[in-house]
Amino acid sequence: TLASNQPDFSAVLDLREFLRHPEVREDVLSAAEQILGVPRADIEARITEAQAQDSGEPLVLATELTQPQVVALTARNLPALTVENTFKRIYPDSRNFSTILGYVGLPTAADLRNNPALSTQDLVGRGGVESFYDRALQGTPGGHLTLRDARGNVLEEQQDSEPKIGPTLTLTIDGKHYEFPGIDYN
């Protein structure tokens, strides 16, 4: 296996909730800075950028959270800053195959403009096979509908569809040609 997915935790800012409740903004920014190590100015800049694009999409503030970070964020009980189950891509032999495989990362503003089906929480291929086959390998996101009144109170929530994992890609690569014995990478 050249690449696989491993469960992970991410810290996600619900932008709509954050903007709707100014009384919790300081608590959210403080928690992000203290627990996640994300500078307040960086978060504010990302919020400003999202507002300029008229996006209410959640913002991923940090990935690969440690267990203490998950516990600390959950204990704060901030509705605008949540911990979400996600995954991360693992490349067991990245030293030898990174130039072929590439990698995945969160979408940029340009990615979001070019592909309206993407959300800010999706992972997209960057370089190599990951980039070349990105659209073919993308799964289908689940749909969730939340109906709110003019004050933002939840009236009804519906699960429209379950997410579907994208297809598996099988490659035939002669690994011997990509191994470099005797080279110390450390």
Side-chain angles (χ1 to χ4, degrees), residues 1-15 32 36-39 42-43 45-47 49-50 52-70 73 81-145 159-186:
T1 301
L2 297 175
S4 62
N5 296 328
Q6 178 177 316
D8 193 21
F9 294 102
S10 294
V12 178
L13 177 66
D14 182 333
L15 193 54
L36 304 173
V38 180
D42 291 357
I43 297 169
R46 291 187 59 200
I47 291 169
E49 180 181 344
Q53 296 173 6
D54 200 25
S55 171
E57 285 275 331
L59 299 175
V60 177
L61 298 183
T63 59
E64 299 184 36
L65 299 183
T66 64
Q67 194 64 29
Q69 287 174 313
V70 170
L73 274 180
L81 184 57
T82 59
V83 174
E84 299 210 357
N85 294 325
T86 57
F87 72 91
K88 66 180 176 180
R89 183 86 84 206
I90 302 297
Y91 303 96
D93 196 1
S94 61
R95 290 181 180 163
N96 289 321
F97 298 105
S98 62
T99 57
I100 296 171
L101 297 177
Y103 63 98
V104 294
L106 293 170
T108 63
D111 293 327
L112 295 170
R113 276 192 306 277
N114 295 335
N115 186 353
L118 287 176
S119 85
T120 57
Q121 298 176 48
D122 288 331
L123 293 176
V124 294
R126 302 271 180 239
V129 171
E130 293 281 13
S131 177
F132 188 81
Y133 288 104
D134 185 63
R135 287 203 185 217
L137 296 175
Q138 285 287 331
T140 305
H144 185 79
L145 178 65
Q159 180 77 24
D160 294 337
S161 62
E162 291 292 323
K164 292 182 179 72
I165 296 174
T168 299
L169 178 66
T170 302
L171 301 174
T172 303
I173 298 173
D174 187 349
K176 291 185 289 186
H177 296 291
Y178 294 96
E179 292 177 3
F180 301 101
I183 296 176
D184 183 10
Y185 293 98
N186 295 323

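Both backbone and side-chain heavy atoms feed into the values below; hydrogens, waters and symmetry mates do not.
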*asked:* Any heavy-atom pair between the side chains of Tyr91 and Val104 that's under 4.5 Å?
replied: yes
*Which atoms form the tightest heavy-atom contact between Glu84 and Val12, and what is the distance?*
CG-CG2, 3.8 Å
*asked:* Using modelled atom types and a 3.5 Å cut-off, is there a donor and acceptor pairing between side-chain atoms of Asp8 and backbone atoms of Glu64?
replied: yes
*Shortest non-hydrogen separation from Leu59 to Ala50 and the atoms involved*: CD2-CB, 4.4 Å
*With sequence neighbours excluded, tell me which residues meet side-chain hydrogen bond (donor to acceptor under 3.5 Å, both in side chains) with Glu57.*
none
*Grab the two heavy atoms, one from Leu65 and one from Ala11, that are nearest each other, plus how far apart they are.*
CD1-N, 3.6 Å
*Rounded distance [0.5 Å steps], CD1 in Ile165 versus CZ in Phe87*: 8.5 Å
*Hey, what do you get for CG (Leu112) to OG (Ser119), rounding to the nearest 0.5 Å?*
7.5 Å
*Heavy atoms only: give me the nearest Asn115-Arg135 pair and the separation to one decimal.*
CB-NH2, 3.5 Å
*Got a sec, which residues hit salt bridge (charged side-chain N to carboxylate O under 4.0 Å, His left out) with Asp111, two or more places apart in sequence or on another chain?*
Arg126
_Gap separating the CG atom of Leu73 from the CG atom of Leu36, nearest 0.5 angstrom_ = 5.0 Å
*With a 4.5 Å heavy-atom cut-off, do Phe9 and Thr86 have their side chains touching?*
no
*Ser10 and Thr63: which non-hydrogen atoms are nearest, and at how many Å?*
OG-CG2, 3.6 Å
*Does Asp14 have any side-chain hydrogen bond (donor to acceptor under 3.5 Å, both in side chains) partners at least two apart in sequence or in another chain, and if so, which?*
none
*So which heavy atom on Pro167 is nearest to which on Leu137, and how close?*
O-CD2, 3.4 Å
_Within a 6.0 Å radius of atom OH on Tyr103, are there more than 12 heavy atoms belonging to other residues, nucleotides or ligands?_
no
*Please round to the nearest 0.5 Å and tell me the distance separating atom OG of Ser94 and atom CG of Leu2.*
11.0 Å
*For the atom pair CG (Leu61) and CD1 (Ile47), what is the distance rounded to the nearest 0.5 Å?*
7.5 Å
*N/O donor-acceptor pair under 3.5 Å between Gln138 side chain and Leu123 backbone*: yes
*Taking the side chain as every heavy atom from C-beta outward, state whether Asn5 and Lys88 have any pair of such atoms under 4.5 Å apart.*
no
